[in-house]
Amino acid sequence: MQIKIYKPSNSKVKFRDIFKDMWFDLKNSRDLAWRLSVREFKGQYRQSLLGAFWAFITPLMSALVWIFLNATGAVKISDTGIPYPAYVFTGTMLWSILTESVNMPLKITTGAKGMLGKINFPKESLLVSGFYNVALNSLIKIVLIIIGVLALGVTPNFQLFFLPIAIIGIILFGFTIGLLVTPIGMLYTDVGRALPMFMQLLMYLSPVVYTIKDDEILSKIINLNPTTALITTGRSSLTGLPFENMSYFMIMIPIMLMLLLIGWFFYRFSIPIFVERSSG
Amino acid sequence: MEENEVLVKVENVSKKFCKDLKKSLKYGFQDLFGAFSSKETEAELRPDEFWAVRNISFTVKRGECLGLIGHNGAGKSTLLKMINGLINPDEGSIEMRGRIGALIELGTGFNPILSGRENIYNNGAILGFSKKEIDGQLENIIDFAELRSFIDMPVQNYSSGMKVRLGFAVAAQMQPDILIIDEVLAVGDLGFVLKCFKTIDTIIPNTAVIFVSHSMPMISRICSKIILMEKGRAEVQGNQVAKAIDRYYTKFANNGSNVVFSDNSVKLIKAEITQTRDEINGLKQLHWGDDLSLNFCFENINLEQTPEFLISISDKEQRPLALFENYKRTDDIKITKNEISFNVVHNEIRLSKGVYSINIALIKASNKEPIFRVNSILEFQIIHEDDVWPPFLLNAKYGNDLCSEITKI
């Protein structure tokens, strides 16, 4: 028979037990996670005429704005190696996958506030369901990117096989960062407000819509920025440009996996505190 | 399945809450990070904090039902949330054995724009059912909810009662070892509430139930153990359910009599219960089987004819229990120009142990028009050693009759 013991949150528990529980709950959460995603998906599209169109309209629009700015000469962008429209299109699309991943853990947890205070279910299902949502939207975007890239006259080469890894890297990075700030974000709404602003800033420090090669300090900052590695790796897989920050990207993945585990652990721990403070 | 298996064990559980949201969030933030240092002594209250639940201990075995009663804000729901693992206690520990079913809110996870059928799956998944299990039970659920013709309609067009029906129908499929019920059955029509209780009755024998309700009839019907909570503490705890319920009712001590109607032709001067045994805190006490004797005195302002008197007894929930006979012609109640005064006696009252109140209404004998009506004009308590819930304890004589003799008649 299953035994559950609830104790004050600061009581000493063996790490091994916690990880065993985490694993157990993760396994048990798959059904519910799937159901939550289906619910989200159906709910989203039943009351909408354009449906999945909304998944990619924002990055598409911002790509168009930059293409326009560049074409009219309003902003001058240094050579990108491939036709600029393809460059900016891949950039904004990949970036939107990243922002969606960053926002997802907080969004899905605060969205489930009502449920969290009423029913005890494996909290992992929220995260897994959030991951499903991101993965599905990303899939739609990837198909669109590939079509777009081909239409813009760029032919992907064998590097395209690396794309899944690049996308997983982007989602992993975004999800981990999002998960790490979620416990605080659940208590204070400031986090949810600051995130998009922060991501906006980060976007201009990454080669999403332009590259900077002549300013030494700025290009150094851009190269140090982890999101640069994510975007360039993704873009290179798509367009056949040479991989620039491959080693950075490869080092980042195990680090992110570790941080994800820590984030997950912290997340589980923080949920009761959130429930207590929000719907006591 | 063993009998007498302890499924719920709660030991010295306490929980503090904060009255101020800003501070509450700050403490939450501290708890997030402070927990890993584990230096803080949790027993201390920080500014603006109070104990929402304090030192509660109990066990519930399989087949038992524990009732939790108390004022709003006495800590019942907080305690349930801890038992359900939604929040952690600040002190003490809770041990739960077996599958837990919680009816804290019905229909959790419903998405209003999806159909009832789809939401059965949503709600079911949150309650821990796999898709296969729901597939198997789908028809049962729809039938139980009696919503077959609306099952493909979006839930946002359901009435609140219909949502509760659907939610309960899904929840009823659970086969929990521990069932937690928090006042969820208040909505829904009578037929459905009865159906719910029938279902709960079938679940109880194999389950440890924890039941929170403000409906004392339900508590007394289901529960074998009880805790009366007051400001987070257990004020009364044990097997004497009726005693705790009495205590609960005395918390809402005399709300005072209230004149409900008056056409200003009479004015109440005095009403009293005579021949009582004792009086505690202004509450007159009688023993079971005593005579109940009442005196009323009204000032007559402009009545010419003797009115009829409707004197009734209500219980603490204001449910009418009994009505006194009207006076007979031979009683010859007279009124004077200034005064209406009379007494009425009921011999050997058989009301069971508890607190009751008396209401009186005066109506015109000719056309039954109301003249004056006052509720809870008097209160009294019946003392008896047996705790029974039904309002009457009838005296009875038992003898040995053979079956054959009875059937002859």
Side-chain angles (χ1 to χ4, degrees), chain A residues 1-13 28-48 112 114-123 125-126 129 183-184 186-190 265-267 269-280, chain B residues 5 7 13-15 17-18 21 24-29 31-32 34-40 42 52 77-78 81-100 102 104-105 108-109 111-114 118-119 121-122 124-131 154 177:
Chain A
M1 190 179 276
Q2 181 191 349
I3 299 176
K4 282 195 174 164
I5 294 172
Y6 304 120
K7 280 188 164 171
S9 41
N10 67 345
S11 38
K12 290 200 176 82
V13 194
N28 275 343
S29 66
R30 282 172 310 179
D31 265 354
L32 177 56
W34 180 248
R35 202 57 231 169
L36 289 173
S37 293
V38 171
R39 180 185 77 160
E40 166 78 16
F41 199 70
K42 281 188 177 170
Q44 214 172 43
Y45 292 134
R46 189 153 303 173
Q47 221 179 354
S48 145
M115 256 162 65
L116 285 169
K118 297 291 183 332
I119 299 268
N120 198 348
F121 58 93
K123 313 299 178 278
S125 56
L126 291 177
S129 148
I184 303 163
M186 288 186 299
L187 286 178
Y188 292 105
T189 51
D190 309 48
F265 171 83
F266 198 46
Y267 178 81
F269 171 79
S270 68
I271 293 273
I273 293 175
F274 167 60
V275 171
E276 174 186 338
R277 301 293 163 186
S278 68
S279 60
Chain B
E5 221 179 333
L7 296 184
V13 161
S14 300
K15 181 80 208 170
F17 269 145
C18 184
L21 181 65
S24 174
L25 292 174
K26 194 179 98 190
Y27 296 150
F29 193 77
D31 291 346
L32 272 179
F36 298 103
S37 67
S38 74
K39 273 177 192 165
E40 202 188 345
E42 284 288 330
S77 293
T78 306
K81 279 191 178 165
M82 285 190 279
I83 291 169
N84 199 10
L86 299 174
I87 57 179
N88 286 324
D90 285 328
E91 282 176 14
S93 75
I94 297 168
E95 198 181 307
M96 308 282 281
R97 292 165 169 269
R99 191 170 168 173
I100 302 162
I104 290 183
E105 186 189 68
T108 319
N111 183 334
I113 71 166
L114 299 184
E118 286 164 314
N119 275 314
Y121 285 92
N122 292 337
I126 289 165
L127 294 176
F129 295 109
S130 67
K131 182 166 183 301
D177 296 297

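Chain identifiers are assigned alphabetically (A, B, ...) following the order of the sequence lines, protein sequences preceding nucleic acid strands; residue numbering begins at 1 within each chain. Because only heavy atoms are used, hydrogens play no part in the values below, and waters and symmetry mates are left out as well, while side chains stay in.
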Closest non-hydrogen atom pair, [X] against [Y]:
X: A:Arg277; Y: B:Asp31; answer: NH2-OD2, 3.1 Å
X: B:Leu32; Y: A:Ile273; answer: N-CD1, 4.0 Å
X: B:Ile87; Y: A:Pro272; answer: CG2-O, 3.7 Å
X: B:Asn84; Y: A:Lys118; answer: ND2-O, 3.7 Å
X: B:Met82; Y: A:Tyr6; answer: O-CD1, 3.6 Å
X: A:Gly43; Y: B:Asn111; answer: CA-ND2, 3.8 Å

(message) Using the side chain to side chain contact (heavy atoms under 4.5 Å, CB included) definition, which of the options B:Leu127, B:Leu86, B:Ile104 pairs with A:Ile119?
(response) B:Leu127
(request) Measure the spacing between CD of A:Glu276 and OG1 of B:Thr78 and express it to the nearest 0.5 Å. (result) 9.5 Å
(request) Could you grab the distance from atom CD of A:Gln2 to atom CG of B:Asp177, nearest 0.5 Å is fine? (result) 9.0 Å
Choice from [options] maximising heavy atom contacts with chain A below 4.5 Å:
options: B:Asn88, B:Leu21, B:Asn119; value: B:Asn88
options: B:Lys131, B:Met96, B:Glu95, B:Arg99; value: B:Met96
options: B:Gly92, B:Cys18, B:Ala102; value: B:Gly92
options: B:Gly85, B:Ser93, B:Gly98; value: B:Gly85
options: B:Ala125, B:Ser24, B:Ser14; value: B:Ser24

(message) Can you tell me which portion of B:Ile83 sits under 4.5 Å from chain A's heavy atoms? Options are side chain, backbone, both or neither.
(response) backbone
(message) Using the rule side chain to side chain donor-acceptor pair (under 3.5 Å), only one of A:Arg46, A:Arg39, A:Arg35 pairs with B:Glu118; which is it?
(response) A:Arg46
